[in-house]
Amino acid sequence: MSKKVRVRFAPSPTGGLHLGGVRTVLYNYLFAKKQGGDFLVRIEDTDQTRYVPGAEEYIFDTLRWCGLEPDESVQHGGNYGPYRQSERKAGYRQYAEQLVKNGHAYYAFDTPEELEKMRQDHKTEHNPSPQYDHTIRMKMRNSLTLSEEETARLLSENTRHVIRIKMPANETVSFTDMIRGEVSFETGLVDDKVLLKADGMPTYHLAVVVDDYLMEISHAFRGEEWLPSAPVHILLWKHLFGLENMPQWAHFPLILGPNGKLSKRDGAKYGFPVFAMNWTDPKSGELTEGFREKGFLPEAFINLLALLGWNDGSEKELFSLDELVQQFSMERVHSAGAKFDYDKAKWFNHEWIKKLPATALLPKVEALMSKNGFTITDTILLEKVIELVKDRCTLLTDFVQQACFFFQAPATWDAEAVKPKWNGQKKEFFQQLIRNYQDVSDWSLAVLEANFQTTAVANQLKPGEVQLPLRIMLVGGKFGPPVFAIAELLGKEETISRMEKALPLFE
RNA sequence: GGCCCGUUCGUCUAAGGGUUAGGACACCACCCUUUCACGGUGGUGAUACGAGUUCGAAUCUCGUACGGGCUACCA
């Protein structure tokens with residue numbers, strides 16, 4: 001039997017989406033699209049204490065920016081809703097109770113204080129974090145230790161309680177991970193995880209299994225940090241819906257920062273973005289910079305993420321989203337964690353800026369220019385400028401410096417770069433050049449350069465000696481594309497005006 | 001502490017028993033260029049360690065070391 005491929009990304013809306021999260025989305029998306037399947041987003045908001053306004057919207061905005069549109073979600077609709085777990089609350093309890101009835105789970109009435117006491121009492125040097133497991137549970141207040149009548153009474157009085165899974169004392173649970181192969185666990189070493197919380201909400205453990213079943217998920221992918229709880233989920237599948245219906249699992253390697261698991265703190269600390277887009281924490285007001293605002297192209301962002309833990313076996317590194325869909329395979333995803341390298345990330349962006357046509361860059365650069373106070377009226381010119389300077393832009397934000405002087409005459413000039421070698425001979429040369437340029441009717445790069453060289457030679461100057469001064473006149477500094485290309489785009493009037501204005505500054 | 005996963009240049013990785021261990025980023029040198037880049041050529045640089053299996057191991061097995069993750073009524 002081959003079920004239709006259906007995968008899900010199940011984020012918890014508690015803040016910005018970071019690199020690892022987006023890569024998880026990406027691999028889900030690529031796998032689904034490659035197989036002709038569906039990709040859906042399910043919001044895992046079962047922890048009401050961690051609700052963060054705006055986080056859910058942010059997730060969808062990020063997916064949109066990346067071009068990874070879900071087939072089903074809160075925003076996209078679908079036949080398997082609701083796609084927000086808080087709205088599915090009513091359904092979970094029956095599954096937990098079914099487990100209790102079958103002896104695979106139990107009611108636990110321990111208060112937070114009692115749990116804390118248990119941890120303190122059992123804490124030793126060799127066991128710094130005691131678990132609520134098969135060695136402990138008979139010492140706690142639950143339906144296993146209480147009489148049937150007492151349990152019934154507590155339940156009928158609506159005593160706060162949770163439902164915990166009853167992990168077998170001595171079984172081996174194993175499954176085949178698509179990336180790691182067979183992974184196995186001893187159930188006696190795993191604790192009795194809470195399945196249903198006192199507020200009636202399921203924990204992740206119950207919700208992920210129930211919803212993956214109800215939403216007919218065929219393949220369940222998540223980060224490696226979930227591997228230790230896999231045995232809980234396997235057992236839940238076994239007792240609730242049958243192992244034969246369980247999705248195939250794959251646990252992605254972690255994306256590491258300079259010191260282990262990537263955190264948003266790393267961004268501030270090491271000067272690179274961690275989130276996809278800017279995220280402002282609504283409580284603290286703290287802004288965490290995103291790749292998008294840093295000047296990354298979504299094409300590059302997707303590309304670099306895809307290659308962080310996967311490759312197609314060839315030496316190809318630049319992939320469009322379509323190419324990734326074509327080439328992706330779970331078997332080629334690495335099992336080892338990957339340390340994020342910002343230099344390489346920038347390289348990907350640079351490559352994509354070079355690769356994309358100016359027309360594709362135009363709207364983004366235009367927005368950036370206007371954000372920096374340059375109102376562009378001539379988009380034809382801007383497009384030419386982009387074509388001319390994009391090779392020297394690693395980040396989109398670099399366009400501001402590389403393009404600004406085409407739209408605004410320099411306000412300051414790096415005269416110091418010229419003065420030391422300045423002399424009367426050069427001054428005369430430029431005076432003559434201005435006169436010559438005034439007579440040019442075919443204002444083109446070739447004509448301007450030829451005229452420049454002839455004039456230089458006539459003045460006993462090597463053309464190279466006077467190119468830098470011309471650049472400073474037109475640009476203001478030692479940067480930008482070839483100087484005659486600049487003059488050509490600037491036009492006759494503006495070029496001559498800038499020359500006349502700057503010439504006296506070199507005295 | 002326990003459990004789980006992992007280990008090829010500084011970083012991302014290729015090589016699914018036989019290669020001078022390949023590529024990319026970064027770095028260095030040279031070329032191109034009298035701006036800065038792009039580009040081109042070349043260079044430095046890795047199979048964690050120890051056993052075993054084998055004619056032969058980066059590749060298979062075991063151990064050790066190291067790294068990471070998990071160990072909440074968070075996901």
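Everything numeric in this text was worked out from a predicted model, so none of it was measured. Numbers restart at 1 for each chain; the letters A, B, ... are given by sequence-line order, proteins then strands.
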Close aromatic pair by centroid cut-off 6.0 Å: Tyr58(A) and Trp279(A): yes
U33(B): pairing nucleotide in any strand, Watson-Crick or G-U under 3.5 angstrom: none
Under-4.0 Å salt bridge between Glu113(A) and Lys117(A): no
Out of G68(B), U34(B), A75(B), whichever nucleotide has its closest atom nearest the side chain of Lys462(A): U34(B)
Value in whole Å for how far the P atom of A15(B) lies from CG of Asp312(A): 10 Å
Sugar-phosphate only, base, or nothing, as touched by Pro463(A) at under 4.0 Å among non-hydrogen atoms: nothing
Aromatic contact, Phe405(A) with Phe479(A) (centres under 6.0 Å): yes
First encountered from the 5' end of RNA chain B, between Tyr204(A) and Lys354(A): Lys354(A)
Protein-nucleotide distance (Phe348(A), atom CZ; U11(B), atom P), rounded to Å: 17 Å
Near-strand residues of residues 168-195 of chain A, defined as heavy-atom separation under 4.0 angstrom from RNA chain B: Arg180(A), Val183(A), Ser184(A), Phe185(A), Leu189(A), Val194(A)
Pair Phe272(A) + Phe340(A): ring centers closer than 6.0 Å: yes
Nucleotide forming a Watson-Crick or wobble pair with G67(B), both distances under 3.5 Å: C5(B)
Length of the NE2-C1' vector between His251(A) and A75(B), whole Å: 13 Å
Residue whose nearest RNA chain B nucleotide is more 5′ - Pro128(A) or Gly477(A): Pro128(A)
Partner nucleotide, any strand, of C25(B) [Watson-Crick/G-U, under 3.5 Å]: G10(B)
Nucleotide nearest Ala198(A) when distance is taken to its side chain, options C73(B), G6(B), U71(B): C73(B)
Asp391(A) side-chain proximity, nearest of A15(B), G1(B), C38(B): C38(B)
Distance test, side-chain N/O of Arg50(A) to OP1/OP2 of A75(B), below 4.0 Å: no
Value in whole Å for how far the C1' atom of G67(B) lies from NZ of Lys339(A): 9 Å
Per-nucleotide protein contact string for nucleotides 20-28 of chain B (B base, S sugar-phosphate only, - none; heavy atom under 4.0 Å): --SSBBS--
Phe175(A)-Trp237(A) aromatic ring centre distance below 6.0 Å: no
Pair Arg8(A) + Asp212(A): basic N to acidic O under 4.0 Å: yes
Below 4.0 Å: OP1/OP2 of C70(B) and any side-chain N or O of Arg222(A): no
Between P of C12(B) and NZ of Lys346(A), the distance in whole Å: 17 Å
Nearest-Å distance for atom pair CD1/C1', residues Ile59(A) and A75(B): 11 Å
Any strand: nucleotide that pairs with U47(B) via Watson-Crick or wobble, under 3.5 Å: none
Rounded interatomic separation in angstrom, taking CG from Asn303(A) and C1' from U13(B): 14 Å
Sugar-phosphate, base or nothing in reach of Gln402(A), heavy atoms under 4.0 Å: nothing
Identified pairing partner of C60(B), criterion: Watson-Crick or G-U wobble below 3.5 Å: G52(B)
Mutual orientation of the aromatic rings belonging to Phe221(A) and His219(A) [parallel < 30°, tilted 30-60°, perpendicular > 60°]: tilted
Shortest side-chain distance from Leu254(A), nucleotide among G1(B), G68(B), C73(B): G68(B)
Presence of Lys197(A) side-chain N/O under 4.0 Å of A75(B) phosphate oxygens OP1/OP2: yes
Expected output: side-chain Thr394(A) to main-chain Lys346(A) donor-acceptor under 3.5 Å: no
Electrostatic pair Lys344(A):Glu317(A) at N-O distance under 4.0 angstrom: yes
Tyr106(A)/His161(A) aromatic ring centres below 6.0 Å: no
C38(B) pairs with, by Watson-Crick or G-U criteria that keep both distances under 3.5 Å: none
Touch class at under 4.0 angstrom, heavy-atom based, for Ile472(A) against every strand present: nothing
Spacing between His205(A) atom NE2 and A72(B) atom P, to the nearest angstrom: 10 Å
Sugar-phosphate, base or nothing in reach of Thr203(A), heavy atoms under 4.0 Å: sugar-phosphate
Sugar-phosphate only, base, or nothing, as touched by Gly309(A) at under 4.0 Å among non-hydrogen atoms: sugar-phosphate
Ion pair Lys355(A)/Glu299(A), N-O distance below 4.0 Å: no
Chi-angle category of C38(B) [syn within 90° of 0, anti beyond]: syn
Sugar-phosphate, base or nothing in reach of Pro11(A), heavy atoms under 4.0 Å: nothing
Nucleotide nearest Asn127(A) (side chain, heavy atoms from C-beta), chosen from G1(B), G68(B), C74(B): G1(B)
Distance below 4.0 Å between Asn311(A) side-chain N/O and U13(B) OP1 or OP2: no
Options C70(B), A75(B), U7(B), nucleotide nearest the side-chain atoms of Pro228(A): C70(B)
Atom C1', compared across G18(B) and C60(B): separation rounded to whole Å: 15 Å
Whether Tyr342(A) and Phe296(A) hold their rings parallel, tilted or perpendicular, with breakpoints at 30° and 60°: tilted
Partner nucleotide of A72(B) by Watson-Crick or wobble geometry (both distances under 3.5 Å): none
Lys193(A)/Asp191(A) salt bridge by N-O under 4.0 Å criterion: yes
Arg332(A), nearest nucleotide to its side chain (from U35(B), A15(B), U7(B)): A15(B)
Under 4.0 angstrom between His334(A) side-chain N/O and A14(B) OP1 or OP2: yes
